[in-house]
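This report concerns only the one structure given below.
Count residues from 1 along the sequence. When a ligand or atom number is given, it counts from 1 through the structure's own listing order. Values below: all heavy atoms of this structure, side chains included; hydrogens, waters and symmetry mates excluded. In this text the structure is predicted, and so the values were computed from the model without any measurement.
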Amino acid sequence: MTMRPPATVGMKLAEVDTPALILDLDAFEANLQRMARSVAGTPVRLRPHAKSHKCAEIAKRQMALGAVGVCCQKVSEAEAMVEAGIPNVLVSNQVAGRQKLDRLAALAKQAEWIGVCADDAGNVDAIDEAAGRAGVILPVLVEIDVGAGRCGVQPGEPAVALAKHIAAKPNLSFAGVQAYQGRAQHLRTLEERRAAIDTAIALTRKTVTALEAAGLDCPIIGGAGTGTHALEAASGIYNELQVGSYVFMDADYGRNLKADGKPVDEFRHSLFIYATIMSHPAPERAYVDAGLKAFSVDSGLPLVFDIEATLERASDEHGNLALAKPANRSLVGEKLRLIPGHCDPTVNLYDWIVCVRGGIVEDVWQVTARGALL
Ligand code: PLP
Ligand code: MN
């Protein structure tokens, strides 16, 4: 069953049903333009990460502002994007298992370009076999661990050995290096982020130099997130930025600091959870209709945006508000916006994004790849 949208075009914000995901279009468009401008006229390309928004309407707007394609983290997410008309997708992740690899190879027939990452020779063999069954040539990037300690082979010679293995396969082409430093994104001070990305840049440069010495060209040298994008962009080695969260921002990113020690302000909060106060049993305590099923809490609880209050706890369907100013009149029925703690897993909880400008619903976009876990 397709869930009914919580709003229709032309409605006032206050009429939108809750819990709903609200997008402030002015802030969102400013974020898109700012990131596009940051690489305009440079050799660095944008390949924004669609795992943040999972929304084809947003991917289309990123492409219209110059992105070469998008990243997806899952094959089914990539399928949703391609079906919606996005022609160029890098699965910036490992894909294991025959069913998924066959789907990936089939997608390569439908799209203009589909790439994937690998960090294992046996997995490369399986990708090659799937591409062979489908009759396509799949571009494969070698993922290297540039300090995050997640996936990836070690930089330098181990990466060269895997790249040679890829290049020797009949149904694969070697497409470059995946060098994403995820742990650096939320290091709070600029000095910490810079130190981590300096290391990532050095390891990536060493790897690309060794690959070139072995006669292996790197069309894509990709990485970077919202927290460090300017550092990779200025590196002279990365040529694609996979920024995701910048379109929305979230409370956790809002805790990152600039060089002057003040909170980052390059991108604006554009994404909100709209919630209704459904119970106000004591002057200082109220409960909204948004809880653990309406926002993720892995990076902390949402921040209250519209009134002076703190969201102190959440249970399945309740958010517990501590009101800064105890209210003697009942607030039941009042609506307010929350800033999500972490945008990506929060968006995945919703079927619709309600786009608002000047207090009026201007559009309602489907979260195209919601729940795309395969
Ligand atoms: N690239 C990869 C491989 C990622 O896993 C992520 C997010 O975790 C990103 C890019 C985007 O990062 P952000 O949302 O911090 O911009
Ligand atoms: Mn995230």
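Checking R47 against N88 by side-chain atom types alone, a donor-acceptor pair falls below 3.5 Å. Side chains of E232 and Q181: a donor-acceptor N/O pair is absent below 3.5 angstrom, by distance only. At a cut-off of 3.5 Å, with distance as the only test, a side-chain donor of S92 or Q73 sits close to an acceptor on the other residue. Side-chain contact of D250 with H342: a donor-acceptor pair under 3.5 Å is absent, judged by distance alone. Side-chain polar atoms of E266 and H229 form a donor-acceptor pair below 3.5 angstrom.
Contact annotation: the side chain of T226 approaches that of F267 to within less than 4.5 Å [non-hydrogen atoms, C-beta and beyond].
The Mn ion (ligand 2) has H342 NE2, D344 OD1 as its protein N, O or S neighbours under 2.8 Å.
Residues forming a side-chain contact (heavy atoms from CB on, under 4.5 Å) with Q99 (at least two apart in sequence, or on another chain): none.
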For residues 153-169, dump all side-chain donor-acceptor pairs below 3.5 Å to protein atoms at least two apart in sequence or in another chain.
{"residue": "H165", "atom": "NE2", "partner": "A121", "partner atom": "O", "Å": "3.4"}
{"residue": "H165", "atom": "NE2", "partner": "D125", "partner atom": "OD1", "Å": "2.7"}
{"residue": "K169", "atom": "NZ", "partner": "D125", "partner atom": "OD1", "Å": "2.8"}

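Under 4.0 Å is where a charged nitrogen must lie from a carboxylate oxygen, and between R61 and E57 at least one such pair does.
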Report each N/O pair between ligand 1 and the protein that falls under 3.5 Å, naming both atoms.
{"residue": "ligand 1", "atom": "1 (N)", "partner": "Q242", "partner atom": "OE1", "Å": "3.0"}
{"residue": "ligand 1", "atom": "5 (O)", "partner": "Q73", "partner atom": "NE2", "Å": "3.0"}
{"residue": "ligand 1", "atom": "5 (O)", "partner": "R150", "partner atom": "NH2", "Å": "3.3"}
{"residue": "ligand 1", "atom": "8 (O)", "partner": "K51", "partner atom": "NZ", "Å": "2.9"}
{"residue": "ligand 1", "atom": "8 (O)", "partner": "Y180", "partner atom": "OH", "Å": "3.3"}
{"residue": "ligand 1", "atom": "12 (O)", "partner": "Y180", "partner atom": "OH", "Å": "3.4"}
{"residue": "ligand 1", "atom": "14 (O)", "partner": "S245", "partner atom": "N", "Å": "3.0"}
{"residue": "ligand 1", "atom": "14 (O)", "partner": "S245", "partner atom": "OG", "Å": "2.5"}
{"residue": "ligand 1", "atom": "15 (O)", "partner": "Y253", "partner atom": "OH", "Å": "2.5"}
{"residue": "ligand 1", "atom": "16 (O)", "partner": "T226", "partner atom": "N", "Å": "2.8"}
{"residue": "ligand 1", "atom": "16 (O)", "partner": "T226", "partner atom": "OG1", "Å": "2.7"}
{"residue": "ligand 1", "atom": "16 (O)", "partner": "G244", "partner atom": "N", "Å": "2.8"}
{"residue": "ligand 1", "atom": "16 (O)", "partner": "S245", "partner atom": "N", "Å": "3.2"}

